[in-house]
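Notes follow the structure.
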Amino acid sequence: MHLFILGGTGPCGLQLIEQALALDHTLVVYVRSPQKLPEWIRTNPAVTVVEGQLTEAEKLSEAMNGVHAVLSALGPAVKNGPFHPSNTPLAHAYSILIDVMKKRDVKRLILLGTASMKDEHDKFSIQFAVLVSGVALFAHNAYKDVVAIGEKVRASGDDLVWTIARVPLLTDKPDKAFVAGYVGDGKVGTKLSRAAFAAFVLKELESNQWCRKAPLISSP
């Protein structure tokens with residue numbers, strides 16, 4: 001497939017790019033700072049790097065020409081924590097992105113989410129309650145933006161086939177094994193490797209098992 005990648009300079013995005021290329025996909029990597037990409041990505045013949053802002057609808061549209069799906073590893077920068085802007089910039093960017101996708105007739109979107117995006121299938125879990133409460137308290141603007149992203153995507157209408165891959169605490173372990181379920185179901189835990197996040201996204205791209213759903217993904 002010809003895939004459109006967002007968040008490609010972050011650790012989850014780099015995993016997504018590496019694993020997508022290993023599966024022989026071709027990529028458009030849309031980034032604000034191309035120089036942050038490793039040279040092996042910038043020079044790979046299967047990769048087209050496009051420099052642009054998430055708010056530039058015309059540039060997004062041009063870059064999205066001919067793509068089959070959008071895979072996004074966008075999320076609030078952990079290091080910014082409480083300094084994340086208060087005006088939900090990522091949710092605003094997703095609003096623009098979804099509008100461009102509809103105009104380009106690109107129907108498939110798989111994106112990074114977190115347990116802060118509550119789901120009707122979730123059950124109570126003290127571990128997740130503590131995690132989400134901590135984020136809401138100490139990084140409230142980031143929490144607010146993430147919640148708003150979920151609301152934007154869920155309200156996108158029937159012509160967008162979305163999957164929100166909600167993640168717990170992320171690690172740099174190389175293990176790609178994962179389980180998918182919902183908070184409090186007794187299956188999912190509180191940690192996931194970034195490699196496993198990418199593995200889930202690329203498997204979901206082929207299987208379409210979680211269309212218009214927001215599973216919580218974790219390590220087994």
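The structure presented is a predicted model; accordingly, all values stated were derived computationally and were not measured.
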Within the 4.5 Å heavy-atom criterion, are [X] and [Y] side-chain neighbours or not?
X: D119; Y: R154; value: yes
X: R166; Y: Y182; value: yes
X: V31; Y: K36; value: no
X: Q127; Y: V183; value: no
X: F200; Y: L192; value: no

Please output the side-chain donor-acceptor pairs of residues 37-52 that fall under 3.5 Å, not counting sequence neighbours, one pair per line with the distance.
residue : atom : partner : partner atom : Å
R42     : NH1  : L37     : O            : 2.4
T43     : OG1  : E39     : O            : 2.8
N44     : OD1  : A46     : N            : 2.8

Presence of salt bridge, D175 and K191, under 4.0 angstrom: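 No, no charged N to carboxylate O under 4.0 Å.
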Under 3.5 Å donor-acceptor pairs involving side-chain atoms of residues 89-108, not counting sequence neighbours:
residue : atom : partner : partner atom : Å
Y94     : OH   : S72     : OG           : 2.6
D99     : OD2  : K103    : NZ           : 3.2
K102    : NZ   : S156    : O            : 2.4
R104    : NE   : S61     : O            : 2.9
R104    : NE   : S61     : OG           : 3.3
R104    : NH1  : N65     : OD1          : 3.2
R104    : NH2  : S61     : O            : 3.1
D105    : OD1  : K107    : NZ           : 3.1
R108    : NE   : N208    : OD1          : 3.0
R108    : NH1  : V161    : O            : 3.2
R108    : NH1  : T163    : OG1          : 3.0
R108    : NH2  : T163    : OG1          : 3.2
R108    : NH2  : E204    : OE2          : 2.7
R108    : NH2  : N208    : OD1          : 3.3

Atom NZ of K144: over 12 foreign heavy atoms under 6.0 Å: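 Buried by this count: over 12 neighbours within 6.0 Å.
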What closest approach, in Å, do [X] and [Y] show between heavy atoms, and which atom pair accounts for it?
X: G8; Y: V29; answer: CA-CG1, 4.5 Å
X: S116; Y: V135; answer: OG-CG1, 4.4 Å
X: Q209; Y: K213; answer: O-NZ, 4.4 Å
X: K187; Y: V179; answer: O-CG2, 3.8 Å
X: A69; Y: L205; answer: CB-CD1, 3.7 Å
X: V188; Y: A180; answer: CG1-C, 4.1 Å

Steps toward side-chain contact (heavy atoms from CB on, under 4.5 Å) verdict (F124, I126): CA-CA 7 Å; F124 179 74; I126 186 64; 4.1 Å; yes
Are the side chain of [X] and the backbone N or O of [Y] linked by a donor-acceptor pair below 3.5 Å?
X: S33; Y: Q35; answer: no
X: H25; Y: M1; answer: yes
X: R212; Y: W162; answer: no
X: R32; Y: G7; answer: no
X: H68; Y: H2; answer: yes

Starting from [Y], can I reach [X] by hopping between I/L/V/M/F/W/Y residues whose side chains sit under 4.5 Å apart?
X: L170; Y: I5; value: yes
X: L112; Y: V147; value: no
X: L111; Y: L27; value: no
X: V70; Y: L160; value: yes
X: L6; Y: I164; value: yes

About how many Å separate [atom2] of [Y] and [atom1] of [X], when rounded to the nearest 0.5 Å?
X: L216; Y: D185; atom1: CG; atom2: CG; value: 8.0 Å
X: L54; Y: K59; atom1: CG; atom2: NZ; value: 12.0 Å
X: F128; Y: S218; atom1: CZ; atom2: OG; value: 6.5 Å
X: C211; Y: L109; atom1: SG; atom2: CG; value: 11.5 Å
X: K123; Y: H121; atom1: NZ; atom2: NE2; value: 10.5 Å
X: F197; Y: F178; atom1: CZ; atom2: CZ; value: 11.5 Å

I110/W210 under side-chain contact (heavy atoms from CB on, under 4.5 Å): CA gap, chis, key distance, verdict: CA-CA 10 Å; I110 307 177; W210 298 91; over 6 Å; no
Side-chain donor-acceptor pairs under 3.5 Å in residues 9-22, sequence neighbours left out?
residue : atom : partner : partner atom : Å
Q15     : OE1  : Q19     : NE2          : 3.0
Q19     : OE1  : A199    : N            : 3.3
Q19     : NE2  : A195    : O            : 2.9

